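The model shown is predicted, which means the values in this text are computed figures rather than measured ones. All residue numbers in this chain count up from 1 along the given sequence.
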Amino acid sequence: MAMLQRVLKQILRKLMYGTWDSTPSDQYKKIRYRRIWISSALVTSLVAIAPLVFMTVVNIHQYHKTIKEEAIHPTSRLVSSNKRALEYSLEERRNALVFIANEKSTEVLADQESLHAIIANLETTFQHFVDLSFIDKDGNVMSYAGPKRYEEKLKGVNYSQAGWFREVREEGVYISDVFPGFRETPHFVIAVRHTDPGGDFHVLRATLDMELLTKRIPTFSKGDSTDAFIMNEKGVLQTASGQGIAALQKAPVPVPPRSAVTEVIEKGSGSGGYVLGYAYIENTPFIFVMTRRMPELMQSWVSLRGTLLGFLAGSILVILILTMAVSSVLVGRIRDADVRHEKALHKVEYTSKMASIGRLAAGVAHEINNPLAIINEKAGLLHDFVDMTEEFPRRERSLKLIESIIASVERGSAITHRLLGFARHIDVKIQSINVAELINEVLGFLEKEAMHRNIEVRMFVDDDVPEIQSDKGQLQQVFLNLINNSLEALKKDGRVGILIEAKDPDKIMVTISDNGPGIPTEELDHIFEPFFTTKAEGTGLGLAITYGIVRKLRGVIEVESTVGQGTTFHVSLPRTRDD
C-alpha cells in the first residue's frame with residue numbers, strides 16, 4: 001500500500017510539475033515556475049469548467065422545460081380533439097331538432113303518429129335518441145313518441161315551473177345536465193322552441209341516452225394512469241371516471257376555471273402532482289377533463305438528468321487532468337524559452353554593437369558628404385578657371401589632375417550614398433521591367449500561405465504585353481500589398497486571379513481579383529485613406545501607401561467590389577517615363 005501511494009504521488013507530481021521542477025535551477029526560479037503552473041492550471045480549469053457547468057445547468061433547465069411541454073402537448077391535443085368531436089355530435093343533434101321544429105307545423109308535431117315517424121328517422125340517422133315530446137306554451141305534454149312504458153308517466157305532466165322550460169322560452173335552445181329523472185337511468189335532454197304562424201309558443205324536447213357522451217371518452221391501457229371524463233360546472237360526473245367513480249358522483253378534481261379555449265394546468269407537486277387538461281363544451285353545461293400523473297410523464301427526464309450530470313462530472317475530471325498536463329508542458333516550454341532567452345541576450349549584445357556601428361557609419365557618411373560636396377564644387381570651379389585660361393602653365397596636365405579629383409569625389413559620394421540607403425529610402429530608380437516576371441517573384445513569397453489555405457492563384461498574361469520603365473522595388477511592394485490583401489480577405493478554398501494586358505500602346509493594365517466577401521459600397525470611397533481599415537487588426541496604411549506609390553510612378557489604381565462576390569483592383573501603369 002505504501003509503495004502504491006509513493007507511485008501515485010510520483011505520477012501526480014509528474015503530471016502537475018512535469019520535468020522542469022526536477023531540473024537544476026535556483027530556488028527563486030522553481031518558486032516562479034510553480035506559481036506560473038498553479039495560476040495557469042487554475043485559470044484554464046475555471047475558464048473551461050465554468051461554461052461547461054453553465055451550459056449543463058441551462059441544458060437541464062431547457063430539457064426539463066421541453067420534456068414537460070412535450071408531455072403536456074399531447075394532453076392539450078387530445079382534449080381539443082375530443083372537445084370538437086363532442087361539440088359536433090351535440091350540435092348535429094341540436095340542429096336536427098331546430099330544423100324539425102322550424103320545418104314541421106304544430107299539427108304535425110302534435111300528432112302522435114307523426115312524432116313516432118320523426119323519432120324513428122332521427123334514431124336511424126343520428127342514433128342515441130330515446131324519445132320526443134311536444135309541449136304547449138303552458139308546459140303540458142301534447143304528444144309523446146318513445147318507449148311505451150313512459151307514456152303513462154308523462155300523462156298530465158306539466159313543465160311550466162321547470163327551469164329548463166323558461167330557458168327555452170327565452171333562449172330558444174336548452175341542453176341539460178345528465179340526470180336520472182323518473183326513468184331512473186342517466187340521460188340528458190335537448191329542448192328547442194317552436195313557434196307556429198299564429199305566434200303561439202311550443203317546445204320540442206328530445207331525450208338522449210348517456211352513451212352519446214360515453215363513447216366520446218377515449219380509453220387507455222390498464223397500466224396507464226391517464227383518466228378522462230365529462231363533468232358539469234357543479235363538479236358532478238356526467239360520465240364514469242377511469243378511477244372507478246360512477247356517473248352522477250362527485251368528480252375527483254375541482255371544477256376548473258372557465259375558459260373559451262383548451263387549457264392545461266399543473267396541479268399538486270411531487271409524486272402526487274398531475275396535469276389537468278380541460279375544455280368547456282360550447283353552449284352546454286359539460287366540461288371535458290383529462291388528467292395525467294406528472295411522475296410518469298417525467299420518467300425520461302429523470303434518466304436524462306442523470307446522464308447530463310454524469311457527463312458533467314466526467315468532463316470536469318478530464319478537463320482537470322488535461323489542464324494539469326498542458327500547464328506542465330507550457331511551464332516546461334517557458335523554462336526552455338528562458339534558457340534560449342539567456343543565450344539570445346549574448347547575440348543581442350553583439351547585434352547592438354553592430355547596430356551602433358551602423359548608426360555611426362551613417363552619421364560619418366552624412367558628415368563626409370558635406371566636405372565632399374565642397375571639394376566637388378571647388379574642383380569644378382578650378383576646372384572651369386583652368387579651362388578658360390588658354391595660357392595656363394601645364395594646362396592639359398592640370399585639367400587631367402582636376403578631373404581625377406572630381407572623379408574621386410563622385411566615387412566617394414556614391415559610396416556614402418549607398419551607405420545612407422540603409423537608413424532612408426533613396427529616389428526612384430527607373431529600369432526596364434517585365435511585369436509578369438516581377439509578379440511571379442512576388443507570388444514566390446506568398447506561395448506557401450496560398451497552398452496552406454488551399455487558395456488557387458492563377459495568372460493570365462496577354463501575348464503582346466511589353467516591358468515598362470519603372471521602379472522594380474516599389475512595384476514589388478504595390479503588388480505584394482494587393483495580392484496579400486486578397487489572400488487575407490479569403491477563407492479556405494478561395495480564388496485569386498491576376499490578369500496582365502496591354503490596355504493601349506502607352507499603358508499596361510494589371511487586374512487583381514478575388515471571390516472574397518467584398519467591400520460595402522459606403523466604404524469603397526475611403527479604403528485608400530490613411531488609417532481606414534476593414535480588418536479587425538489592420539493599421540489602415542497598406543492601401544494608402546500602395547496608392548501613393550502608384551501615383552508616384554505615374555500610374556492609376558481603381559477598385560470595384562460587390563458584397564458577397566469579391567473585390568477587383570485595376571492598376572494602370574505607363575510604359576515609359578517622360579522625366
Between atom CG of L204 and atom CE of M142, what is the distance when rounded to the nearest 0.5 Å?
-> 12.0 Å
Look only at the side chain of T125 and the backbone of L122, and say whether a donor-acceptor pair between them is shorter than 3.5 Å.
-> no
Please tell me if the side chains of T284 and N232 come closer than 4.5 Å, counting only heavy atoms from C-beta onward.
-> no
Got V289 and I230 here, is their nearest side-chain heavy-atom distance under 4.5 Å?
-> no
Once you round to the nearest 0.5 Å, how far does OG1 of T214 lie from CD of Q238?
-> 10.5 Å
Less than 4.0 Å between a side-chain N and a carboxylate O, is that true for E170 and R166?
-> no
Hey, are the side chains of H526 and E523 touching, using non-hydrogen atoms and a 4.5 Å cut-off?
-> no
Do I135 and N140 come within less than 4.5 Å of each other through their side chains, counting heavy atoms only?
-> no
Side chain proximity check, I175 to F286, heavy atoms < 4.5 angstrom | yes
May I ask you to check whether F288 and Y280 place their ring centers less than 6.0 Å from one another?
-> no
Does R333 CZ have over 12 foreign heavy atoms under 6.0 Å away?
-> no
Taking all heavy atoms of L213 and all of I217, pick out the closest pair and write down the distance.
-> O-CG1, 3.5 Å
Looking only at heavy atoms, the pair that brings L132 and L115 closest together is O-CD2, 3.7 Å
For the residue pair R193 and V203, establish whether any side-chain heavy-atom pair is separated by less than 4.5 Å.
-> no
Do I190 and L208 come within less than 4.5 Å of each other through their side chains, counting heavy atoms only?
-> yes
Could you tell me whether R169 sits above the aromatic face of W164, with NZ or CZ closer than 6.0 angstrom to the six-membered ring centre and within 45 degrees of the axis?
-> no
Between S160 and D138, which heavy-atom pair has the shortest distance, and what is it?
-> CB-O, 3.2 Å
Backbone N or O of L78 within a donor-acceptor pair of the S81 side chain at under 3.5 Å?
-> yes
If only atom types and distance count, is the side chain of D200 paired as donor or acceptor with the main-chain N or O of D196 below 3.5 Å?
-> no
Between the main-chain N or O of E107 and the side-chain N or O of D111, is there a donor-acceptor pair closer than 3.5 Å?
-> no
Counting N and O atoms only, with roles assigned by atom type, does the side chain of Q565 sit under 3.5 Å from a partner on the main chain of G518, one being a donor and the other an acceptor?
-> no
Which atom pair, heavy atoms only, marks the closest approach of V496 to S486?
-> CG2-CB, 4.1 Å
Going from NE2 on H570 to CG on L482, what distance comes out if it is rounded to the nearest 0.5 angstrom?
-> 11.5 Å
Judged by atom type as modelled, is there a donor-acceptor pair below 3.5 Å linking the side chain of R292 to the main-chain atoms of L276?
-> no
Got a donor-acceptor contact below 3.5 angstrom from the S561 side chain to the G566 backbone?
-> yes
Atom CG in L46, atom CD1 in I319: separation rounded to 0.5 Å?
-> 11.0 Å
For N515 and R495, indicate whether the former's side chain and the latter's backbone hold a donor-acceptor pair under 3.5 Å.
-> yes
Spacing of N82 atom CG and M290 atom CE [to the nearest 0.5 Å] | 5.5 Å
Pairwise side-chain contact, F134 with T106, heavy-atom cut-off 4.5 Å (strictly under) | yes
So, F201 versus H194, ring centres under 6.0 angstrom or not?
-> no
Donor-acceptor under 3.5 Å (Y144 side chain, D131 main chain) | no
Pairwise distance CG(N283) to CD(E171) - rounded to 0.5 angstrom | 10.0 Å
Closest heavy-atom pair, P256 versus M231, reported as atoms and distance to 0.1 Å, is CD-SD, 4.4 Å
Cationic tip of R205 within the cone over Y159's six-membered ring, i.e. under 6.0 Å and within 45° of the normal?
-> yes
Check A279 against V79 and note the closest heavy-atom contact, atom names and distance.
-> CB-CG1, 3.7 Å
